[in-house]
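Below: the structure, in structure tokens.
Position 1 is the first residue of the sequence, and the numbers go up from there. No experiment lies behind these values; they were computed from the predicted model shown.
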Amino acid sequence: MVFADPGEALARAEKVLGGSPPPLHASVAHQVIGIWQRDFGDLRLALTHLRRARDWAARADSAEREADVLGTLGVALVHAGRTRQGLDALGRGIERGTGHTRARVLYRRAYAWWVLGHHKEALEDVRRAITVLRQADDVIWTARALTLRATVHLALGAVKQANADFTAAEALWDTTGQEHDKADAVESRGLAAFRSGDVPAALRLFDEAEERYAGLGTPTFMLDIRRCEVLMAAGLPSEALAGADAALRALDGIGGQSTRKAELLLAAARAARLADDPQTAIARAALAVRLFAGQRRTWWETHARLVLLEARHAAGRGSGRLVAEAATVAGRLAALGAPAAPEASLLAGRIALDLGRTADAERHLAAAARSRHGGPPLARLTGWAAQALRAQAAGSARGVLEACRRGLDVLDDHRMTLGASELRARATAQGAELAALAQRASLVSGGPRRLLVWSERWRATALSTPPARPPADPALLRGMTAYREIAARAEEARMDGRAVPALEREQRRLEREIRSRTLHVRGTAAGGRGRFDVGGRFDVGGRFDVGGRFDVGRLLRGLGDSGDGLLVELAVLDGRVQVLLCGRGRVRRFEAGRLAEAEAEAEHVQAGLRRLAHPGARARLPVVEAAGRRLEELLLGPAAAHLGTGPLVVVPPGRLHRVPWALLPSLRDRVLSVSPSASGWLRARETAPPPGDRQVLVRGPGLATGGAEVLELAGRYGGARVLEEDDARVERVLEELDGAELAHIAAHGEFRADGPLFSSLRMADGPLIVHDFERLDRSPYRIILSCCDTARFASVGADELLGLVTALLPLGTAGVVACSAPVNDAAVVPLMLALHKGLDAGLSLAEALRDARASLPDDAVHRATGWAFSAFGAA
């Protein structure tokens, strides 16, 4: 019962001991309490009860009872870090027991071997146990043994064998009432899904397992460890680190298993390393190494040493000793049959290259490169990274590019299994090194054109297809409706000056629930079906070739068709901005300033624009204009003199998303648009408008001007759908926006740096968030967002952006006007009216915005307002 209904089992055991039980019954009761404390409570209390259970079994003169208790005690001692004592107890239990009881103790020793990382021994013991348990028709223990064997297979990378055992175990569990074991089976299937490369399924199954555990009131430390691993693979290391640290605090709070503490420390160290926090990684990994060593867990200790070495290397501690240590770890991992062995070889090769020891580097990299032809996606990615570094060391630019291409193809396939746009964007971080290697090699071997191709290969790839979503997820819709109501109530209370901690807690809980459900959505394979066609036809059956080669000729022809247009793509190599000027039949390269300096200057500009949004700050105008001149020098350098006067498209890296491009002197009075990628601009340019000529005007609540431009635009567009007051509710707004030719939304905007997909526009019934836009079949062909901060993004992954604008571009929107800074509400009205006047005359968004800026009064507030708005896309 302790794994069917843990709380009830504990209560009954305590009730038995409250009477005067015979020795046999007392032994059973103490063993149940010991199991409960071992797995769900205080390990020290567990050992006390299990020793009493052993003593009562001896008094009962029952060898079988004593053998069974010794098995449980042995596992508890191993979890406490007393490995030798634990194995001795398990060995005595096997000697004392016979038949069925002996098989159960063999299963427990197999489990202990797995905890210790002795997989060969674990497989042998569990194989022997399964044979006897099946003969005895013991369904529960056979299912446990099959689940354990599957888990050991997974540790050795044998996914096919693991899936077979998980399937057999699940069929057995369905015939029992063992609720905790059933939850464990769901968790194990999640682990198998992850090992098979299906991250969304893993997250979904882990969430299901967590719900089952919560219903039983049991802790989830093993689940926490596994979820950390999946979050890291999904590009969410900061969340994985926070989760591991929270679990560590909870484990310490109940005096839990020493073995679990070591495993959580290892998970936290891995997450910290991936989150670019090497000092935290070093601290966590060093403590994990000490604990694993004391527990005699060689498998785990070796993995922890690998993370420790990786963190030291990330902290800049390269040395010959570090190469030798990494090589030793690689050898140990290979001997243990661990799939992580190539990572250690790659690390040894990488450090050797940094030290100029090319012969050593080649040996280690060659070993790592062997993993490129098999195994899960991230293992193959490791192999291709090693192959690229080998080619770089050999001076073969062609070899570097081929290895990078193959590696990024692997990552593309993995990324496209992820349905959520956030996961797709963050997963690109895994390919950042390959992309950088390819850019360097292309500059050496192929000049500006090849550099452009490789800059495009890994830029804004998350925007190449719409996020996948279930056709209708009732639970998700309910969660979003509840979120909207709570958020609206919280905002209303804050406006009244009231603290609302309870509402804010519930809002955060609903955000976690919504995000969790969106992360469960599985994507399609690369080249799968999307929601509209890259050739411009809106077609549910449209196809995307996300891994296809970027066609420079097609870009140059498109720019020529735009009337002597130019496109400026900014690449970053070794911290310096490379300007790729495309147009007039060629691609030219110029070197500009350092990216870090440009980022700092962009932040100064943002601060200046915020001040200029208020009357009386005219004295700041020269300061902001001077910052614009410095930005131009840093970002365009000598290329600024070659821009001409025609239309210009700027393609910045993700880290420069906050630059108000119209402030730069060379760009100030020209037709200017911004795009996350050159291929994205081509897609937008070739996207045809929807049938009909439907306009939608939305006026949200609480605007300082009352949304004055919407009232005037309603008269200009006679047949426009106008949504205001109670009509401006989220579901109604989405219904009207779907498939519109033009939409204008005047509403308060909020950018959420902590959760960019919860950035919102305030409607009558609460926030309209990015996740809402992703429910559209097709977003408006042109959309104008006249509120503050709607063009702000979070830069994630290799070079990806998450925010309101980037949610619209993959869904059929060809052009957006949005704002990257707080602006003066009153000054926005004449800008928007002038913008629509240009659209009425047949101009594009970029042309209309240029003319609208020129029509504004020449004062600081209006000039700052004009600079803060940008046109995105090509419509």
Yes or no on side-chain contact (heavy atoms from CB on, under 4.5 Å) for Glu310 and Arg305, after CA distance, side-chain angles and deciding distance?
-> CA-CA 9 Å; Glu310 288 173 330; Arg305 287 192 184 280; over 6 Å; no
What's the verdict on side-chain contact (heavy atoms from CB on, under 4.5 Å) for Arg128 and Arg102, showing C-alpha distance, side-chain angles and the deciding distance?
-> CA-CA 10 Å; Arg128 293 164 60 195; Arg102 186 167 182 269; 3.3 Å; yes
Evaluate side-chain contact (heavy atoms from CB on, under 4.5 Å) for Ile130 paired with Leu146, printing each intermediate quantity in order.
-> CA-CA 7 Å; Ile130 286 172; Leu146 287 168; 4.0 Å; yes
I would like to know whether Leu87 and Leu116 meet side-chain contact (heavy atoms from CB on, under 4.5 Å); could you show each step before the answer?
-> CA-CA 10 Å; Leu87 291 174; Leu116 296 169; 4.1 Å; yes
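Residue Lys182 places its NZ atom among more than 12 non-hydrogen atoms of other residues, nucleotides or ligands, all under 6.0 Å distant. The local environment of CZ in Arg332 is sparse, with at most 12 non-hydrogen atoms from other residues, nucleotides or ligands closer than 6.0 Å.
Ion pairing of Arg84 with Asp88 is absent here, as no side-chain N (NZ or NE/NH1/NH2) approaches a carboxylate O to less than 4.0 Å. Under a 4.0 Å N-O distance rule, the pair Glu402/Arg406 qualifies as a salt bridge. Taking the charged nitrogens against the carboxylate oxygens, Arg227 and Glu210 do have a contact shorter than 4.0 Å, which makes a salt bridge. The residues Asp245 and Arg284 are annotated as salt-bridged, a charged nitrogen and a carboxylate oxygen being separated by less than 4.0 angstrom.
Under the 4.5 Å side-chain criterion, counting only non-hydrogen atoms from C-beta, Leu241 is not in contact with Pro237. Contact check for Leu106 versus Val126: no side-chain heavy atoms found under the 4.5 Å cut-off. At least one side-chain heavy atom of Phe3 sits less than 4.5 Å from a side-chain heavy atom of Ile35. Contact annotation: the side chain of Asp125 never approaches that of Tyr107 to less than 4.5 Å [non-hydrogen atoms, C-beta and beyond]. For the pair Leu43/Arg38, a side-chain contact is recorded, criterion being any heavy-atom separation below 4.5 Å from C-beta on. Between Asp39 and Thr218 there is no side-chain heavy-atom pair separated by less than 4.5 Å. Two residues are said to be in side-chain contact when any heavy atoms from C-beta on lie closer than 4.5 Å; Leu434 and Leu381 meet this criterion. At least one side-chain heavy atom of Arg260 sits under 4.5 Å from a side-chain heavy atom of Ile225.
Judged by distance alone, the side chain of His303 and the main-chain N or O of Trp299 form a donor-acceptor pair under 3.5 Å. The backbone N or O of Val289 lies less than 3.5 Å from no partner atom in the side chain of Trp300, so there is not a single donor-acceptor pair. Under the 3.5 Å distance criterion, the side-chain polar atoms of Thr101 are left unmatched by any main-chain donor or acceptor of Gly97. Formation of a donor-acceptor pair under 3.5 Å by the Thr131 side chain with backbone atoms of Arg127 is found in this model. With hydrogens and angles disregarded, a donor-acceptor distance shorter than 3.5 Å links the side chain of Arg372 to the backbone of Ala369.
Atom OG of Ser258 is separated from atom CG of Leu77 by 12.0 Å, given to the nearest 0.5 angstrom. Note: His313 NE2 to Glu325 CD = 13.0 Å, rounded to the nearest 0.5 Å. Rounded to the nearest 0.5 Å, atoms CG (Leu353) and CG (Leu365) are 5.5 Å apart. Rounding to the nearest 0.5 Å gives a distance of 8.5 Å between CG of Asp5 and CD of Glu179. Atom CG of Leu133 and atom OG1 of Thr142 lie 4.5 Å apart (nearest 0.5 Å). Note that OH of Tyr111 is 11.5 Å distant from CG of Leu90, once rounded to the nearest 0.5 Å.
Nearest heavy-atom pair, Asp184 versus Tyr213, reported as atom, atom and distance to 0.1 Å: CA-OH, 3.2 Å. In terms of heavy-atom proximity, Thr382 sits nearest to Ser371 at C-OG, 4.3 Å. Contact detail for Ala4 and Leu216: the closest heavy-atom pair is O-CD2, 3.8 Å.
Side-chain atoms of Trp173 and Asp181 include no donor-acceptor pair closer than 3.5 Å. When only modelled atom types and interatomic distance are considered, Thr259 and His79 share a side-chain donor-acceptor pair under 3.5 Å.
When each of Asp138, Asp137, Asp68 is paired with His100, the side chain to side chain donor-acceptor pair (under 3.5 Å) condition holds for Asp138 and for no other.
By the side-chain contact (heavy atoms from CB on, under 4.5 Å) test, Ala281 is found to be paired with Ala272, Arg273, Ala311, residues two or more places apart in sequence or in another chain being considered. Take Glu187 and apply the salt bridge (charged side-chain N to carboxylate O under 4.0 Å, His left out) test, not counting sequence neighbours, and it matches Arg226.
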